[in-house]
Amino acid sequence: MASPRQRRSLNIMPLLMLLVVVLAGAAGWRWHAWSRTINLMLPEDSRPARMTFPAQELDRDAFELVAKSLNLEFRRNFDHVDRFREAGLRSYRGPETCLVCHREIEFENTYGLPRREDLMRNLTGSVHYRFFSTDHKNVRGFNGRSADGLPMGMLDRPCPKPGSFAMTAWAEWVVNTRGDTLSEGCGQCHIGGQAQAPLGEIMPYYKTLPEERDAIDCLICHAAAYDMDRKQVVRDANGRLRWDQDRSLRAALSVETPSSRSCLRCHQHNLGGDVYVDAKDPSFMPSRRACGDRYPRVMHPGSKRGTPYSPSWDVHAAAGLACLDCHPTEGHRIAKGTHTTTMMANDLPDVEVSCERCHTDAPHEAESRTARVLNEHGAWVACVTCHIPSLHPDNVTRRDFSRTALEPEQGLHLARDDQKLTDPGEGLAYVWWNGDATFLGNPIGENPEGTWRFYTAPHRWPEWEQYDYEGWYERVMRPAAAAGRPSKLYVMKRFNGRQHIDLQNAGPFGGMFVPYNLPLYYRDGDPDAAARAEMDKPMMRMMYGRLFQYYLMNRFIGYLDVPGWNIQAYGDVRAGRRVEPRWLPEDAMLEVSHAVRLKGALSCRDCHNHDGGMASFLP
């Protein structure tokens, strides 16, 4: 039965929809009327706007010099040099230039059938643009319900790793203790060029607006010569802060199929982190080598996964494999695989990304008895379990946002990383997993005996100290694990974060994270003040409003087994009342699939020896 709060929310929806229709008709827009109406509902600082990207115009001689320099630097010819030369193009103006030739995109779908699609529709419907997806058949809430159909991803999913929301911390200037201005925000790893995340996309039937399309950064993925020093926060001609782009002709002439190095411009932050540089080949760390020439990007110590994709750490990187060799695509839609705990947004959730696609299910040479036994292990032990034997030292296992320390090199107050664990049984945990996950990144699975429990709440909160977690597990999660795919033993990266929680929107499994105002957090090192300040942003006020409550938040908070989104809590949270920093009741387990090694992989004796060895902490 609906609560009074929920009934009031339902009662206003017909009036709201009527208002939408009236506004759309009064506006008189022939195209994009619905999208523009949606954006009128957003706070003014969160609406798309026309962005100004200066174009570099070269004469013929300068064009040829650039073409020659690219040939010398990369020791190969780029076909777009001839395309631009023949078309008489001497400048690059973003997607407007790309669409002259690339109106449509042709590809084979995952069934091997040829497809033709409007390029912009393909691109703006992808996770790399939208930052979310809605197909989550493998994600289950703590209330036992499937999260399938919920718009979910980095766009709207808070995470106790960065301490911020993409909705409010998109493009920020941070002034350090020396008075230098640095660039920070979630938008640095997004192909859009607006001052805010593409929030309208989360609404049904939204159509990307021309000003959003024109701001897309095609070259950050497609240009071999992209200058990451241009990737910094700047003030647009319209007065708003946004992330800048390299729209130079030099970058445009170097267009190619995305390489590992271009992917790592963003994904190195998650895999190996912002600090590590592989001395064997530093080109795998493009974001670290060029940090921004005027307003350098904040470099975050403590990588999320601690699994660098570089020659010293990954056998596939050393062999020259590109990311797309393992990740199938349908145009700009890229597969992540069918197994995930934390990377919820997935373009192609039914497409497998697995070792077996190349190595078969019997990868060890079968001449020896050992090889036969190892191949037999593959029925219940995942390849990564043996072949990711450790994490990079600069990974974070436990991050405490409630405590800060001044990092002198950057002159910023950063969250305390209580633990940076790397070894089996410490930073690496071994779990039975069937590919499904809870709403907060716990792997769902079952061992052959039917006795495995993946959730015990070792950091349970005082309000729920007496909650019957064991009974809940047997009632909700044991059947979910049994109904899923067969489980294997996987290695996973352990992580927990201590962040401010809105205790009026909380339950036995967690609560709503309160984001931090990053400029204040970094400058003053006062988490309480930074949390209060971020709540003043219009988007946070809207999140605690009835529209968000009805469309998204009731269902979102419901997956934490909380009966409904309490919008009345906003005033208290804004004032810092009934808010406390808390660890998640259960550590999250992050899927790991990079930093794969042949030399140094675990051997039989690491698990099977008289002293117990790894068997002492295997589930």
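The figures here come from the full heavy-atom set of this structure, side chains too, leaving out hydrogens, waters and symmetry mates.
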Handout entry: Neighbour count above 12 (heavy atom, 6.0 Å) for Arg460 CZ
Key =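 Yes, CZ of Arg460 has more than 12 neighbouring heavy atoms, counting only those of other groups under 6.0 Å.
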Handout entry: Arg541, CZ atom: more than 12 neighbouring heavy atoms under 6.0 Å
Key =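 More than 12 heavy atoms, drawn from other residues, nucleotides or ligands, come within 6.0 Å of this atom.
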Exercise for the section: Walk me through it: do Gln56 and Ser248 pass the test side-chain hydrogen bond (donor to acceptor under 3.5 Å, both in side chains)? Expected result: CA-CA 6 Å; Gln56 175 194 39; Ser248 67; 4.7 Å; no
Heavy-atom closest contact ([X] atom, [Y] atom, distance):
X	Y	value
Met152	Asp156	CA-OD1, 3.4 Å
Val476	Gly144	CG1-CA, 3.6 Å
Asp236	Thr52	OD1-N, 3.0 Å
Gly558	Asn143	O-ND2, 2.8 Å

Test item: [X] side-chain N/O and [Y] main-chain N/O as donor-acceptor pair under 3.5 Å:
X	Y	value
Glu104	Asp118	no
Asp528	Gly576	no
Arg578	Gln504	no
Asn554	Gly564	no
Asn176	Gln410	yes
Glu591	Thr342	yes
Asp347	Ser126	no
His500	Pro581	no
Ser183	Gln232	no
Asp502	Met512	no

Practice task
Kindly determine whether Asp135 and Ser133 satisfy side-chain hydrogen bond (donor to acceptor under 3.5 Å, both in side chains), including the steps that lead there.
Solution key: CA-CA 6 Å; Asp135 192 329; Ser133 63; over 6 Å; no
Could you tell me which residues satisfy side-chain contact (heavy atoms from CB on, under 4.5 Å) with [X], sequence neighbours excluded, listed by chain and number?
X	result
Ala223	Leu219, Tyr226, Ala251, Ser254
Ala533	Asn517, Leu520
Ala529	Asp526, Arg532
Asn346	Lys336, Pro349

Does any part of the side chain of [Y], heavy atoms only, come nearer than 4.5 Å to the side chain of [X], both counted from C-beta?
X	Y	answer
Leu414	His300	no
Met120	Thr208	no
Pro527	Tyr521	yes
Val233	Val174	no
Arg235	Tyr295	no
Leu209	Arg36	yes
Tyr544	Asn505	yes
Asp246	Asp217	no

Exercise for the section: Just jot down the salt bridge (charged side-chain N to carboxylate O under 4.0 Å, His left out) partners of Arg574, sequence neighbours excluded, or say none. Expected result: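 In terms of salt bridge (charged side-chain N to carboxylate O under 4.0 Å, His left out), with neighbours along the sequence ignored, Arg574 is linked to Asp536.
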Can you confirm whether or not the ring centre of [X] sits under 6.0 Å from the ring centre of [Y]?
X	Y	value
His128	His332	no
Tyr455	Phe142	yes
His190	Trp243	no
Phe556	Trp565	no

Solution key, residues 583-590 side-chain donor-acceptor pairs under 3.5 Å, sequence neighbours excluded:
residue	atom	partner	partner atom	Å
Glu586	OE1	Thr456	N	2.8
Glu586	OE1	Ala457	N	2.7
Asp587	OD1	His459	NE2	3.1
Asp587	OD1	Asn496	ND2	2.8
Asp587	OD2	Arg494	NH1	3.2

Rounded to the nearest 0.5 Å, what separation is found between the [atom1] atom of [X] and the [atom2] atom of [Y]?
X	Y	atom1	atom2	value
Trp170	Arg240	CH2	CZ	12.5 Å
Asp274	Ser303	CG	OG	9.0 Å
Leu547	Met553	CG	CE	12.0 Å
Cys189	Arg297	SG	CZ	8.5 Å
Ile216	Tyr129	CD1	OH	5.0 Å
Ser146	Asp436	OG	CG	9.0 Å

Problem - Note: Asp214-Arg93 ion pair, threshold 4.0 Å (strictly below) - result: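 Looking at Asp214 and Arg93, the cut-off is not met.
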Handout entry: Asp350 and Lys137 ion-paired at < 4.0 Å
Key =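 Answer for the salt bridge query: yes.
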Exercise for the section: Decide yes or no on side-chain hydrogen bond (donor to acceptor under 3.5 Å, both in side chains) for Arg47 and Asn39, but give the supporting numbers first. Expected result: CA-CA 6 Å; Arg47 299 170 191 164; Asn39 284 310; over 6 Å; no
Handout entry: No-hydrogen, no-angle side-chain donor-acceptor test under 3.5 Å, Ser402 and Arg498
Key =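 There is such a pair between these side chains.
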Exercise for the section: Answer with yes or no whether the side chains of Glu211 and His32 bring together a donor and an acceptor at under 3.5 Å. Expected result: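 Distance-only check fails for His32 and Glu211.
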Exercise for the section: Validate the cation-pi geometry between Arg242 and Phe53: distance from NZ or CZ to the six-membered ring centre under 6.0 Å, angle to the ring axis within 45°. Expected result: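 Cation-pi check for Arg242 and Phe53: passes.
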Handout entry: Within 45° cone of Phe513 ring axis and under 6.0 Å: Arg157 NZ or CZ
Key =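 No, Arg157 does not sit over the ring of Phe513.
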Exercise for the section: I would like to know whether Arg247 and Thr97 meet side-chain hydrogen bond (donor to acceptor under 3.5 Å, both in side chains); could you show each step before the answer? Expected result: CA-CA 11 Å; Arg247 291 195 171 192; Thr97 302; over 6 Å; no
Handout entry: Criterion ring pair (Phe, Tyr, Trp, His ring centres under 6.0 Å) against Phe509, the qualifying member of Trp472, Tyr559, Trp464
Key =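 Exactly one option meets the ring pair (Phe, Tyr, Trp, His ring centres under 6.0 Å) with Phe509, and it is Trp472.
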